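Report on one structure; see the data block that follows.
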Amino acid sequence: MTEAVMARALFGITLGYHITYATLGVGIPFLIFLAEVMTSRTKDESYRVFARRLTRVAILLVGVGIVTGTTVAVMLSVLWPKFMEVVGQIINLPFELEVFAFIIESLFLAIYVYGGDRLKPRARIVSSFFVTLGAGLSALLVTDVNAFMNTPTGMTWVHGTVENPNPWLAMLNPSMPYELSHVLASAYMAVAFVFAAAAAKGLLRRNLTPAERTYHRKNLTLTMAVGGVTAVITAFVGDASGKMMATYQPEKLAAAEGLFHTTTYAPLVIGGIVEPAKQMIVGGIPIPGMLSWLATTQLSGKVLGLDAFPSWTWPALAPVHLMFDTMVGIGTFAIGLAFVYFVLRWRKHAWLFARWFLWVIYAMGFLGMLAIEDGWVFAEEARQPWIIYNLMTVDQAVTTTPGIGWMFGGFMALFTVLLIATVVTLRTYFRNHPLDGELAPSPKATGLAKGGVAL
Amino acid sequence: MTLPTMGAAFLWVLVFVYSILGAIDFGSSFWRWVFHLRGNWNAESVAATYVSPTWELINAFLIVIPVALVGLFPAAAYAFGTVLALPATLLLILLALRGAYLQFGYASARFRKHMVYVTGITGLLLPGVFIALLPLTQGGFVTRVGSSYAFAAGAFFSSLPVYLFMAFGITLALYLSALFLARYAQQAGSWSAYHRFRRGALWMGPISLALGAVALRVPTPGGLAIVAGGLHSVWFVIFLVASLACFALGYLGLVMQERGHPVTKQRALWQLGFGIAQIVLSQFAYAVGHVPWLLYPYLTFANSASNHVMFVSTLLVLIVGLVILTPALLWFRSLFIVDAEYVATHAQEGRHSH
Ligand code: HDD
Ligand code: HEM
Ligand code: HEM
C-alpha cells in the first residue's frame, strides 16, 4: 500500500466509524423529541419510558460520537494538510459554526438529562427539540464542506491558490440544498428503522407481559411511521441530487450509472458489473430512456457519458455502480416495507405480527445503517481522483509525513476497543434495567434520576 | 493592532481558556484516581462530582482552536498538520480513551473502575502531551523541505527540554486542579477532603514553579530563546513579576492554615483566583517572548494569515458566536458547577455508594 492509499483507508474507516455514531446522534434526539410530544399529547406514560430508554442510548452514543468526531477533525488536518490549507481560505465557516451547534447540543442534552423528571413536560419538549436542532445542524454544517468539495464555488482558482474568495457563496454551493436535505432525511430514516428493528426484536421475544407487548407495538408503529415518511423524502431528495449531478457533476452520474457514451434516450441499468474494457455493463436490467428521464425529466434528454471525460479522471467504475444501486435499492425496499406495514395494520391482518414479518423489519434496521455507510462511500469514491472536484486531486492533498502505518494500527486498536465497550455497556445497561421494571408505576426505579450524573 | 495580531490574540485567548479548563479537568480525574487507590472516598467523591458534567463542553472548546487556526492562519495549519501526524495520534488516542471511558463508566457500573483508572492515567499524561506543543513551536525540531515541512521526531522525543516542559505541564495541572477541588470541597463543607487537596497544592505549587523556570531556561538547539528574547521587553518583566507575586500570595494563603479546620468561602476563592491569575500572567509573559512567531523560524502571524475576507469572517463568526453562547454557558455553570447544593448532595451520594 502506498502512503496515499493508507491515508485514504485510515480516513475512510475513521469517518465511517464516526458516521455510525453521528447518524444515531442525529436521529435519536429526534425520536426522543417525538416521544416527548406523544407523551404530552396522549398522556400515555409508555412513550415517556421510550424517551427515557432512548436517552440512555443517546448519552452514550453522543459521548462516543464526540470522541470519534474530535478524531476526524484533527485527522483532517494531519492527513490532508494541503486540502485544509485551501479549506482555511474559503470553506472554514461551516466548521466554525458547527462548533456552536455542538455547544447547543451538549448544553440542552445536559439540561434534558440532568433535569430528568424534575422538568415540566413542556420544558422536556423544548430541550429535546434543541438537542435535535443542535445535532442536526452539526451534521448539516460538516456535510456542507463535503458539498463544497463536490461543487466548489465562491472563488477563482489560480494555479492552486484561492483568489477573490467569497466564503458565504462557497457555503451556498449548488450541491448544498440537495446534499444537506438528503443527509438529514436519510439519517432520520435509518435511525427510525433501527428502533423499529429494536421493537420488532422485542416482539420476537417469548414470554412477553401484555404491558411489554403494547409498549413494543406502539413504538413499532411510531418508528415505522417516521421511517416511512422520511424514506419517501429521502428518495425524492435523492432523485433531485441525481438531477443536480447531471448538471454539476456529470462525470459522477455517468460513473454511477456505468454510462460510457453520451446519448439521448439513455437507459437506466439496474445492477450488473461495469466492464471498462468492454465499455459496457454486463448482466444488468436496462430500462430504456429511464436515465434520461431521471437526469433531465425527458426521455429524449441528453446524458453525458464517460467518453466526455479523460479516462484518468474516471473513478473505479464497478464498485461505484453497485454501491449506487445498493443505496437506491435499500431506499426503495424501505418505502415498500413501511407501506406494507401500514396496509396490514389498517386491514388488521394477522401477518402484522407474524414472526417472519418481524424478522424482515429487524433486518431493515441494519440495512438502513448500511445504506448510510454505502451512500457516503459512494459519494466519496465516485469523486475520485478529486478531493475538490476538478481542482485538487487526493494525491496532491495527502500528507508528506511518513509513518501513516503506525497511525493506522493505533486507530484500529482504538476503534476496536471503543466498539466492544459500546456494545458491552449498552447490553449491561439494558440487562440491569429490564423494561418490565420501567413500565411498572414507580418511575423512581428507573435509575434515571441518579442517571442524571451520567454525562 | 494589525489584523493578524488581533487574530493571534484571539487564538491566545482560546488557548488560555482551554489550558485552564483542561488543566482543571485533567488534574481532577488524576486526583480522583489517586484518592480512589488510597481509599479516601471523601476526596474521591468531590473530584468525581466535578469531573462528570463538564467534559463535553470543554471538548467543544478544544475543537475551536484548530478550527480557528485553519480559518485564520491556514499556512500554519498546513505546517502543523504535516508535522504533528505522530504527536497528534498520541494525543487523540489518549483523549478518545478518556472521553469514551467517562461515558462507559457512567452508563454501566461494570466499567466504573476502568473509568477511574483510564481517566486518571490519561488525565495525568494529557497536560504533558499538550504542553509539548510549546517547545515544538519554539523551533529546532522542524525543518522546511521545499514547500513542505519535516519533523525530527527522534530529536524531539529525546530532547531534555521537551521532557522538562512535560513535567512542568503535568505538575501545573495538578496544582491548579488541587486548588480548584479544594474550593469545591469547601463548598460541600467536606473538610477532610479540603485539606487533602490543600496538601496536594502545597506540594505541586513549588515543584511546578521550579520545573517551569528550568524548562524555559534550557535552550532547545536552534530554537527561540524565550527568556533571553523576552527580557528585552518591559511587558515581559512586568507580567513575570506579577505572576510570581500572585504565586507568592496564593501560596502564602495556603500555608497559613490550620490542618483540619474549616475555611471561609472567600478564602478558598482567593486561593484559586491567585492560582489562575498566576498562570494567565505567566502565559502573557510567554506570549511576549514568543511573538510574532507561530512556528519559529518559518511562520509568523503575518506571513501565514488567511486572505482578508476569510480572516475577518472567521474572527467575526467565532467572536459573535462565543459572545452569544457565553451567557448560556455561564447559566449552565451556575446550574451544575457552582450550585453549592448540587455539589453537596452529589458529593454525598458518591460517599454512600462506596
Ligand atoms: C438511509 C440511507 C440512504 C438511502 C435509502 C438513500 N440514500 Fe442517497 N445518500 C445517502 C443515504 C441514502 C447519504 C449517506 O446521505 C449520501 C452520501 C453523501 C450524501 O450527500 O448523502 C447519499 C448520496 C446520494 C447521492 C450522491 C450525491 C453526491 O455525491 O453529490 C445521490 C445521487 C443519491 N444519494 C440518490 C439517492 C436516491 C435516488 C435514493 C433512492 C431511494 C437514495 N439516494 C437513497
Ligand atoms: C461521515 C460521512 C462520511 C463518510 C462515511 C466518508 C467516507 C469517506 C471515505 C470512505 C473516504 C475514502 C475514499 C477513498 O478511499 O477514495 C473519504 C475520503 C475523504 N472524505 Fe469523506 N466521508 C464522509 C464525509 C465527509 C465529509 C463531511 C468531509 C469533509 C468535510 C469529507 C472529506 C473527505 C476527505 C478530505 C477525504 C479524503 C480524500 C478522498 O479520498 O476523497 N468526508 N471519505
Ligand atoms: C470531515 C467530517 C467531520 C468532522 C471534521 C467532524 C467533526 C466532529 C467533531 C469534532 C465532533 C465533536 C464535537 C464536540 O466536541 O462536541 C463531532 C460530533 C458530531 N458529528 Fe461529526 N464530523 C464530521 C463528519 C460528520 C458527519 C458527516 C456527520 C453527520 C452526517 C456528523 C455529525 C456529527 C454529530 C451529530 C456530532 C455530535 C455528536 C453526536 O451526536 O454524535 N459529523 N463531529
Side-chain angles (χ1 to χ4, degrees), chain A residues 56 59-60 63-64 66-68 70-71 73-75 77-82 84-90 92-93 95-97 99-100 102-104 106-107 110-111 114 162 165-168 399-401 403-404 406-407 410-411 414 417-418 421-422 424-426 428-429 432 450 453-455, chain B residues 52-53 56-57 59-60 62-64 66-75 77-86 88-89 91-93 95-97 99-104 106-111 148 150-151 306-307 309-310 313-314 317-318 321 324-325 328-329 332 335-336 346 349:
Chain A
R56 253 313 157 171
I59 293 170
L60 183 72
V64 183
I66 286 174
V67 167
T68 54
T70 308
T71 311
V74 177
M75 213 183 256
S77 296
V78 167
L79 291 181
W80 316 106
K82 264 284 174 230
M84 286 311 271
E85 200 181 2
V86 174
V87 167
Q89 294 168 58
I90 178 73
N92 204 40
L93 293 182
F95 283 136
E96 288 156 21
L97 294 168
V99 176
F100 300 115
F102 294 142
I103 296 181
I104 292 176
S106 23
L107 204 62
I111 290 169
Y114 282 86
V162 174
N166 183 340
W168 299 99
T399 181
T400 49
T401 303
I404 304 293
W406 285 101
M407 288 180 73
F411 281 109
L414 175 71
V417 171
L418 294 189
T422 311
V424 174
T425 313
L426 284 176
T428 348
Y429 177 75
N432 296 341
K450 221 176 112 210
V453 199
L455 210 86
Chain B
S52 46
E56 297 198 359
L57 290 170
N59 194 69
L62 170 63
I63 308 294
V64 186
V67 165
L69 186 73
V70 169
L72 297 172
F73 303 106
Y78 168 68
F80 286 125
T82 310
V83 162
L84 286 181
L86 222 61
T89 301
L91 192 87
L92 276 178
I93 289 181
L95 264 182
L97 280 175
Y101 269 87
L102 272 170
Q103 226 61 18
F104 297 142
Y106 287 115
S108 149
R110 197 169 146 180
F111 280 99
S148 186
F151 175 51
S306 192
N307 57 64
V309 184
M310 195 65 195
S313 344
T314 296
V317 166
L318 288 177
I324 291 176
L325 277 178
L329 289 175
F332 174 77
L335 274 184
F336 300 115
H346 282 257
E349 196 180 284

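Computed from heavy atoms alone, side chains included, the values below leave out hydrogens, waters and symmetry copies. Residue numbers start from 1 in every chain, and the chains themselves are labelled A, B, ... in the order their sequence lines are given, proteins ahead of strands. Computed from a predicted structure; not experimentally measured.
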Check: Heavy-atom distance under 4.5 Å to chain A: side chain of B:Thr89, backbone, both or neither?
Finding: both
Note to self: With a 4.5 angstrom heavy-atom cut-off, is it the side chain or the backbone of B:Leu325 that approaches chain A, or both, or neither?
What the structure shows: side chain
Notebook entry, point to check: B:Phe151: what forms a ring-ring contact (aromatic ring centres under 6.0 Å, His included) with it, not counting sequence neighbours?
Noted result: B:Phe156
Check: B:Val309, B:Thr314, B:Val64, B:Leu84: which one forms the most heavy-atom pairs within less than 4.5 Å of chain A?
Finding: B:Thr314
Next item on the list: Return the option, out of B:Gly99, B:Ala77, B:Ala88, B:Ala75, with the maximum number of heavy-atom pairs under 4.5 Å with chain A.
Entry: B:Ala75
Check: If you count heavy-atom pairs under 4.5 Å between each of A:Val417, A:Leu414, A:Leu97, A:Asn166 and chain B, which one has the most?
Finding: A:Leu414
Notebook entry, point to check: Shortest non-hydrogen contact from A:Val87 to B:Met310?
Noted result: O-CE, 4.5 Å
Note to self: Less than 4.5 Å apart, side chain to side chain, heavy atoms only: is that true for A:Phe411 and A:Thr71?
What the structure shows: yes
Next item on the list: Measure A:Ile90 against the heavy atoms of chain B and call it side chain, backbone, both or neither at under 4.5 Å.
Entry: backbone
Checklist line | B:Phe104 vs A:Leu418 side-chain heavy atoms within contact, under 4.5 Å | finding: yes
Item checked: chain A contacts, top residue of B:Ala100, B:Ala96, B:Ser313 (heavy-atom pairs, under 4.5 Å) -> B:Ala96
Notebook entry, point to check: Measuring from A:Phe102:CZ to B:Asn59:CG, what's the distance to the nearest 0.5 Å?
Noted result: 9.0 Å
Margin query: Side chains of A:Lys82 and B:Tyr78, heavy atoms from C-beta outward: is any pair under 4.5 Å?
Written below: yes
Checklist line | Option in A:Val99, A:Leu426, A:Val86 with maximal non-hydrogen atom pairs under 4.5 Å from chain B | finding: A:Val99
